[in-house]
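Written out below as structure tokens is the structure these notes cover.
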Amino acid sequence: MNEALIKQHIKQYKDGILKQVQQKTLLKYTGAPVIDEERLFFTLLPLLNGEEWEDSQSKSAIAVTLIFSALAAHDLVKESSATTKAQQLQVLAGDYYSGKYYQLLASDKQLDLIQQLSEGIAAISENKTRFYDRQLYSFDELIQSIQLIESKSIEQFLEYYSYHDYVFFMKESLLLITLKKELAAYEQGEQPFYISKSSQLQANLNLLQTEIKKVESLLINEIKNSELLQDQLKSIILSKLKICTLEKQLREG
Amino acid sequence: MDKMKLKLLYSDLKSDLDIIEKELAIAVNSSSHLLNEASLHLLLAGGKRIRPVFVLLAAKFGNYSIDSIKNVAVTVELIHMASLVHDDVIDDAETRRGRETVKAQWNNRVAMYTGDFLFANAIEYITDLQNTYAHEVLSQTMVELCIGEIIQIEDKHYLEQTVRDYLRRIKRKTAILISASCELGAIASGADEKTVRHLKLFGYYVGMSFQIIDDILDLTSTDEQLGKPAGSDLVQGNITLPVLYVKNDPIIQPLLREVLEGSISHENRQLLLAKIRESNGIDRAKRISNNYLEKALNEVKQLPANSAKKSLQNIALFMSKRKF
């Protein structure tokens, strides 16, 4: 599948998701739901790689994206004094999108998937609170938490539809993208969520850089040698990961 | 509401409610130290557990088995708890039921994650029930609950809203979860379609009557009885049924504008409450609540005879006739 077609798919899904959750008051005060295109791309990875994809998978992919929109809405609630109308509605936007994901899957009779995704959301919430906990977590535990928060629902979706071979690419890519963004933002003096909330991560920025290099090199190797991913898709994933050197190598054959 | 008196009305459910209480403790248990503390904090704050009671009583009209319905009861209570945690963020509430709220003890974000955790657990619990219609009912309920809250925020401080707007709002905000509790209890126990429908409507009418009384009590009770200042709804900009009936009164209207603009003095607030209490707004609202109560009792009458029938009647009467 070429880049233009991939973009078209992503747009179609985005439109489908927005249609599911149209609510005029929320739109007015909180804007459209957060739909992370990179995450959507990795959710749709099997489709974009030419795998069979049925209506049920489409609905489930929309539901998984809605889960992230719901959780992202709550990430936008200020830690203190969320008293403006926009902030109050941000709380409800998250609950509304959450109800919509459940409603969409219930109407499609996907009870097992609902059960698994709910378990995943509970785990995501648990891992998010680790960044507010007074308990000490090791560097590795925090990295595992970040990975779980970023990819758990998509992992459950891919596993549910037996796209097991895509899980690795999705999980490692989302981890890498997140860690790179976090580090870049922190180095520019911003307050990205994970690093700003964890003194452990702040104290171990060198470890974080090593982790990024480790994940990056592992991914490069796996993508390069993958017999599963089509070449065009490999190239697009790499550009998303901004691993320009390998992209160049691949283009050169 | 006098919790002890209410409990007497469903004392035969005590052992099953104990099972649900234990299950709730398991449900809120988390691997996260902080989340565990926050959820336990909520659980210990108690509550009337009226929604689980409705689930159990409704299930008595089918093949009652605590094992097959306990998860439904846990689910509705978890949803109620989760929405309270999120509501406290919306209302910037420092205390609830005399205890610090999650947002006050930790912060808004922790309250968000606690609520998300509870909502997720609620859904996970009910997936044991392999009945897709039940999930359609519950998911629709969750969406409607949110819409009710969204409308409540939209309608805040808006004096031109109508009685119809108010009724539609409280239907979504309160009545629908009580209605779903009754409906889901009946579905989970395999009650017949007609019975499910009567129980669903019963829950809806009781919920409406209950919320109107709640709104009346906010205006007529003392600060001590309420555990918060009387008239808090108005201070927060929520215009309730008794107020809608008297909003055009020449003495009340300017005071109402002051309270809704946030510029009212303590004396004028007391004067406003006194004027509303003296007005016919309270009685008119009570009449509407009674109409809903009558409708609820009429639905119960049409249910098959059993011990739960009497309990439903008594609870409906208690909830709608309570003094605080």
Side-chain angles (χ1 to χ4, degrees), chain A residues 23 25-26 28-29 67 70-71 73-83 85 87-135 197, chain B residues 27 30-38 82-83 86-92 103 106-154 156:
Chain A
Q23 211 289 335
T25 308
L26 292 181
K28 184 175 166 191
Y29 291 96
I67 290 174
L71 299 176
H74 287 168
D75 288 337
L76 292 172
V77 173
K78 289 180 186 164
E79 283 175 15
S80 60
S81 181
T83 48
K85 202 169 183 175
Q87 279 282 293
Q88 291 174 328
L89 287 164
Q90 198 69 50
V91 175
L92 294 171
D95 293 346
Y96 180 72
Y97 304 148
S98 198
K100 282 286 184 181
Y101 112 77
Y102 178 30
Q103 194 174 36
L104 180 63
L105 290 181
S107 71
D108 204 33
K109 308 188 190 321
Q110 299 278 7
L111 301 191
D112 290 341
L113 184 59
I114 292 171
Q115 192 265 329
Q116 288 177 32
L117 290 171
S118 307
E119 202 186 323
I121 298 169
I124 291 171
S125 307
E126 284 178 318
N127 279 271
K128 279 184 179 175
T129 57
R130 281 189 167 187
F131 291 86
Y132 288 93
D133 213 331
R134 283 192 202 96
Q135 297 251 105
K197 292 289 163 209
Chain B
S30 164
S31 64
S32 153
H33 176 72
L34 196 158
L35 207 46
N36 218 13
E37 223 179 296
S83 39
H86 285 179
D87 281 357
D88 288 337
V89 174
I90 294 170
D91 298 338
D92 203 22
K103 73 131 242 163
W106 289 277
N107 64 41
N108 287 338
R109 207 70 78 67
V110 171
M112 287 294 97
Y113 303 148
T114 306
D116 290 343
F117 172 75
L118 296 173
F119 272 131
N121 276 347
I123 297 174
E124 196 192 340
Y125 255 78
I126 204 170
T127 49
D128 264 8
L129 182 60
Q130 292 288 313
N131 178 322
T132 48
Y133 178 66
H135 291 277
E136 283 172 30
V137 168
L138 186 63
S139 59
Q140 178 70 18
T141 301
M142 288 174 75
V143 170
E144 291 288 330
L145 265 174
C146 283
I147 297 175
E149 297 245 22
I150 291 167
I151 296 173
Q152 175 158 309
I153 290 178
E154 242 186 335
K156 266 187 184 179

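The model shown is predicted, which means the values in this text are computed figures rather than measured ones. Here is how names work: the chains are called A, B, and so on, in the same order as the sequence lines, proteins then strands, and each is numbered from 1.
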For chain A, which candidate among [options] shows the most heavy-atom pairs at distances under 4.5 Å?
| options | result |
| --- | --- |
| E149(B), Q140(B), H86(B) | H86(B) |
| G115(B), C146(B), A122(B) | C146(B) |
| N121(B), D128(B), L35(B), I90(B) | I90(B) |
| K103(B), H135(B), E37(B) | H135(B) |
| I126(B), I123(B), I147(B), L129(B) | I123(B) |

If I take atom [atom1] from residue [X] and atom [atom2] from residue [Y], how far apart are they, to the nearest 0.5 angstrom?
| X | Y | atom1 | atom2 | result |
| --- | --- | --- | --- | --- |
| M112(B) | S125(A) | CE | OG | 11.0 Å |
| E144(B) | Y96(A) | CD | OH | 9.0 Å |
| Q116(A) | E124(B) | CD | CD | 10.0 Å |

Heavy-atom cut-off 4.5 Å, strictly under: side chain, backbone, both or neither for [X] against chain B?
| X | value |
| --- | --- |
| T129(A) | both |
| L105(A) | neither |
| K78(A) | backbone |
| E119(A) | both |
| Q23(A) | side chain |

Which pair of non-hydrogen atoms, one from A106(A) and one from S139(B), has the smallest distance, and what is that distance? CB-OG, 3.9 Å
Who pairs with N127(A) by side-chain hydrogen bond (donor to acceptor under 3.5 Å, both in side chains), at least two apart in sequence or on another chain? S145(A)
Taking only residues two or more places apart in sequence, or in another chain, which ones meet E154(B) in a side-chain hydrogen bond (donor to acceptor under 3.5 Å, both in side chains)? T25(A)
Counting N and O atoms only, with roles assigned by atom type, does the side chain of N107(B) sit under 3.5 Å from a partner on the main chain of R109(B), one being a donor and the other an acceptor? yes
Q87(A) side chain to L76(A) main-chain N or O, any donor-acceptor pair under 3.5 Å? yes
Which atoms of [X] approach chain A - backbone, side chain, both or neither, heavy atom under 4.5 Å:
| X | value |
| --- | --- |
| Q130(B) | both |
| L138(B) | both |
| K156(B) | side chain |

Do the ring planes of Y132(A) and Y113(B) sit parallel (below 30°), tilted (30 to 60°) or perpendicular (above 60°)? tilted
Residue from G120(A), S118(A), G99(A) scoring the most non-hydrogen pairs under 4.5 Å with chain B is S118(A)
